[in-house]
Amino acid sequence: MAIAIRPLGEHVGAEATGVDVRAIGPAETERLLDALTRHGVLVLRDQTMTPDDLVAFGRRFGPVEYGVREDYQLPENKDVYVISNIVENGRPLGNPNDGFAWHTDLSFLEHPTAYTFLYAIECPPEGAQTEFASAFRTYDALDAQERARLDAMRVLHSYDMLHKTRKWAAPLSEDQKAKFPDVVHPMVRTHPVTGRKSVYLGPNTSLPIGMGEAEGAALIAELMDRTTDPRHVHAHDWRPGDLVVWDNRGMVHRATEYDKARYRRLMHRVTVRGERPF
Ligand SMILES: [Fe+2]
């Protein structure tokens, strides 16, 4: 397999060509992992994958762990989470609502997602992009005083707080709350492979320890604004057959809106569990 890697931007993203992810071995996996680590986001186009192929590919990068929303598991393979606006026989095939604000995936877990794999089956012809930005760049640009302040900061990540922003959803049950207790992660995260530091920004509901809600939210929002400066954002325009992988330890992302009444979107997602942030 003659794999070629082409960077897509200065800070974020690369495309790998010459890859059929169903047929790769350990050497090719290493090559892709290296590109992913360097560029944060890896795009592989024209893939043909069953849900089992997607899960098998994810397992090459670490333990596949289903996230939170059991209502959006793919019935035939429960390691796959479905993102979709399609409703069949009265049943939504997937989650149509989440991911439109900048975030990293599942930061409210003790061991949050390291890698996310998103595979496109049906895509709207306009909108519905995924945008990516580098939080390494944000950390690199801090002055010494800000760096010292953020280096010492710890942040509460709460699934309950995030869930309360879903105005359409019933509150979490006591069982669900017990399953996903609040966690505290460092504000500055070290990448386990490269040692590079980034600001670790979950969703906008996370809260720095020792700060009031308004002050904490303002700080998170400001850091997210700096990170997602439009001059440094990479937007992926989806085509069916695209597989995009990202490293949540340094990248933030969001989905852009699309006309849900007019277009169908069907995406399969697999997440690989990472280390406890340090
Ligand atoms: Fe996400």
Side-chain angles (χ1 to χ4, degrees), residues 12-13 36 39-44 54-55 58 61-62 64-74 79-85 92-121 123-124 127-135 138 155 157-159 161-166 168-169 180 183 185 189 198-206 220-221 223-224 227-228 233-238 242-258 260 265-274 277:
V12 179
L36 179 58
H39 301 283
V41 178
L42 193 60
V43 174
L44 301 120
L54 180 60
V55 173
F61 294 77
V64 164
E65 187 175 65
Y66 187 77
V68 177
R69 309 291 302 275
E70 284 169 12
D71 36 353
Y72 299 126
Q73 275 174 327
L74 187 69
D79 287 325
V80 175
Y81 174 90
V82 183
I83 296 169
S84 184
N85 63 327
L93 293 192
N95 186 349
N97 290 318
D98 285 326
F100 294 95
W102 288 102
H103 65 285
T104 58
D105 285 330
L106 308 182
S107 73
F108 47 81
L109 299 180
E110 188 179 350
H111 295 261
T113 304
Y115 305 117
T116 304
F117 301 74
L118 196 55
Y119 177 60
I121 298 162
C123 310
Q129 297 167 306
T130 306
E131 296 185 326
F132 298 96
S134 167
T138 318
V155 181
H157 294 251
S158 164
Y159 184 56
M161 271 164 62
L162 173 64
H163 188 76
K164 281 181 178 140
T165 66
R166 295 169 174 150
W168 58 89
F180 303 108
V183 294
H185 294 314
R189 189 169 184 182
S198 65
V199 289
Y200 185 49
L201 301 167
N204 53 13
T205 49
S206 51
I220 299 283
L223 291 170
M224 194 62 100
T227 303
T228 59
V233 166
H234 173 72
H236 181 73
D237 289 308
W238 289 92
D242 285 357
L243 171 65
V244 177
V245 190
W246 62 89
D247 188 340
N248 287 283
R249 300 155 316 169
M251 296 293 130
V252 296
H253 64 280
R254 71 170 175 186
T256 68
E257 286 289 353
Y258 63 101
K260 289 185 186 141
R265 185 174 196 230
L266 179 59
M267 315 285 285
H268 284 175
R269 184 181 91 170
V270 162
T271 45
V272 162
R273 182 179 121 118

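If you're wondering where the values come from, they're calculated on a predicted model, not measured in any experiment. In each ligand, atom 1 is the first atom listed, and ligand 1 is the first ligand listed.
- Under the salt bridge (Lys or Arg N to Asp or Glu O under 4.0 Å) criterion, R254 pairs with E131, not counting sequence neighbours.
- Distance alone, capped at 3.5 Å, is enough to place a donor-acceptor pair between the N248 side chain and the D105 backbone.
- In summary, the aromatic rings of H157 and Y200 are positioned with their centroids under 6.0 Å apart.
- When side chains are defined from C-beta on, V272 counts as touching F117, because their heavy atoms get closer than 4.5 Å.
- Between V245 and F61 the shortest side-chain heavy-atom distance does not fall below 4.5 Å.
- The tally of protein N/O/S atoms under 2.8 Å from the Fe ion (ligand 1) stands at 3.
- To the nearest 0.5 Å, atoms NE2 (H111) and CG (L106) are separated by 13.5 Å.
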